[in-house]
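To start, the structure under review is shown below, and the notes come after it.
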Amino acid sequence: DNTTEEQVKKIKGDYEQKLKSLKSELGILKTTKKEHQSVLRAKARNDQQLQQLQRDVVDMRKQRVKLMRELREESHKNREQDARRNREIQALRRETRRRETTIKNLEIEKERREAVLRRKNEEVAMLRRQKQAAAPAAAVSTRPRPGTASMRKLRSSSLVTSLDEASSNSQHSNA
């Protein structure tokens with residue numbers, strides 16, 4: 001019986017030791033399982049964050065491409081506006097030069113006409129003086145003879161009359 005009892009004790013001790021060892025191993029496995037699950041959850045979170053970051057990078061690239069295109073379009077539009085403004089400025093400068101030339105030519109023409117008018121007025125005044133000086137002499141002679149001084153005076157008086165008419169017409173057209 002002793003031997004059986006010892007064998008039972010031994011088997012019981014072995015069993016308890018195995019049970020203790022298995023419990024210890026089970027505790028380690030449970031801890032390992034928890035750690036593994038925690039790592040899996042962290043990995044899943046990291047994967048989600050990585051996917052979100054990748055989507056953000058794709059979105060940023062799209063925005064960058066869009067902004068670059070808009071920047072190129074805006075730059076092109078600005079260059080076109082500058083070119084159009086420069087063309088308008090050049091056209092305005094040409095028009096200004098043309099108008100200044102026209103004004104200068106008109107002023108020159110006005111001065112020329114005024115000089116001609118002064119000269120004609122002086123001639124008319126001179127012819128009037130001559131007519132007035134010749135008027136007493138013409139009254140003495142009854143009829144002018146061709147080729148004589150009185151005939152020349154008669155012609156000059158007709159010339160004065162026609163110049164007076166031309167002068168008054170010229171003054172009316174300038175007014």
Side-chain angles (χ1 to χ4, degrees), residues 20-135 152-175:
K20 188 178 176 182
S21 171
L22 286 174
K23 282 183 181 181
S24 171
E25 199 175 315
L26 181 64
I28 292 172
L29 286 175
K30 282 183 180 181
T31 305
T32 305
K33 180 181 175 186
K34 283 181 184 179
E35 288 174 359
H36 182 67
Q37 287 174 343
S38 174
V39 166
L40 286 177
R41 283 192 299 272
K43 184 182 180 303
R45 280 192 308 271
N46 287 341
D47 287 346
Q48 286 177 349
Q49 286 177 345
L50 178 64
Q51 288 173 355
Q52 183 60 44
L53 289 173
Q54 286 173 338
R55 285 191 297 270
D56 290 348
V57 166
V58 168
D59 288 344
M60 287 178 174
R61 284 183 180 155
K62 287 178 181 177
Q63 286 178 349
R64 180 178 172 267
V65 167
K66 180 183 175 187
L67 288 174
M68 292 297 288
R69 185 179 62 245
E70 288 174 359
L71 223 152
R72 279 192 304 271
E73 289 172 359
E74 190 67 28
S75 174
H76 179 70
K77 190 189 305 180
N78 287 339
R79 279 193 307 275
E80 284 180 349
Q81 285 178 347
D82 286 346
R84 188 173 55 250
R85 264 190 242 111
N86 286 336
R87 285 191 301 269
E88 289 173 1
I89 289 170
Q90 291 302 321
L92 289 173
R93 285 181 180 160
R94 282 191 302 271
E95 180 65 19
T96 301
R97 282 193 300 272
R98 187 188 67 76
R99 287 184 181 185
E100 286 172 352
T101 303
T102 302
I103 289 170
K104 187 175 179 182
N105 289 338
L106 289 172
E107 287 173 348
I108 290 170
E109 178 66 19
K110 178 185 172 215
E111 288 173 9
R112 188 187 63 77
R113 287 183 182 206
E114 286 175 350
V116 167
L117 183 60
R118 272 193 308 273
R119 194 177 72 243
K120 298 257 184 194
N121 283 339
E122 289 169 1
E123 288 175 7
V124 166
M126 184 182 72
L127 289 173
R128 281 187 184 149
R129 284 192 301 272
Q130 287 176 357
K131 180 181 174 185
Q132 287 174 356
R152 283 192 295 271
K153 287 180 187 173
L154 183 60
R155 280 193 212 125
S156 70
S157 79
S158 335
L159 179 62
V160 168
T161 308
S162 64
L163 285 176
D164 284 342
E165 291 172 4
S167 174
S168 67
N169 287 340
S170 171
Q171 288 175 349
H172 289 305
S173 66
N174 282 340

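For the single chain, residues carry numbers from 1 onward in sequence order.
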In a table with atom names and distances, give each donor-acceptor pair under 3.5 Å that connects a side chain of residues 35-50 to protein atoms at least two apart or in another chain.
residue, atom, partner, partner atom, Å
K43, NZ, D47, OD2, 3.0
N46, ND2, A42, O, 3.4

>> Test side chain to side chain contact (heavy atoms under 4.5 Å, CB included) on V58 and Q54; report intermediate values, then the result.
In response: CA-CA 6 Å; V58 168; Q54 286 173 338; 5.6 Å; no
> Can you pull the side-chain hydrogen bond (donor to acceptor under 3.5 Å, both in side chains) pairs that have at least one residue in residues 78-96, sequence neighbours excluded?
Replying inline: S75-R79, H76-E80, D82-R85, E95-R98, E95-R99
> Got a sec, which residues hit salt bridge (Lys or Arg N to Asp or Glu O under 4.0 Å) with D59, two or more places apart in sequence or on another chain?
Replying inline: none
>> Let me confirm one number: the CG-CZ distance from L67 to R72, rounded to the nearest 0.5 Å.
In response: 11.0 Å
> Who passes side chain to side chain donor-acceptor pair (under 3.5 Å) against E111, sequence neighbours left out?
Replying inline: none
> T32 side chain to I28 main-chain N or O, any donor-acceptor pair under 3.5 Å?
Replying inline: yes
>> Can you confirm whether K66 sits close enough to K62 that some side-chain heavy atom of one is under 4.5 Å from a side-chain heavy atom of the other?
In response: no
>> Is there a salt bridge (Lys or Arg N to Asp or Glu O under 4.0 Å) between E109 and R113? Walk through the geometry before answering.
In response: CA-CA 6 Å; E109 178 66 19; R113 287 183 182 206; 2.9 Å; yes
> Mind checking what makes side chain to side chain donor-acceptor pair (under 3.5 Å) contact with Q52, not counting sequence neighbours?
Replying inline: R55, D56
>> Just verifying a value: how many Å separate E100 CD and R97 CZ, rounded to the nearest 0.5 Å?
In response: 8.5 Å
> Atom CG of L106 and atom OG1 of T101: how far apart are they, to the nearest 0.5 Å?
Replying inline: 10.5 Å
>> Under the rule for salt bridge (Lys or Arg N to Asp or Glu O under 4.0 Å), what residues qualify as partners of E122, not counting sequence neighbours?
In response: none
> Thinking salt bridges, do E123 and K120 make one under a 4.0 Å N-O criterion?
Replying inline: no
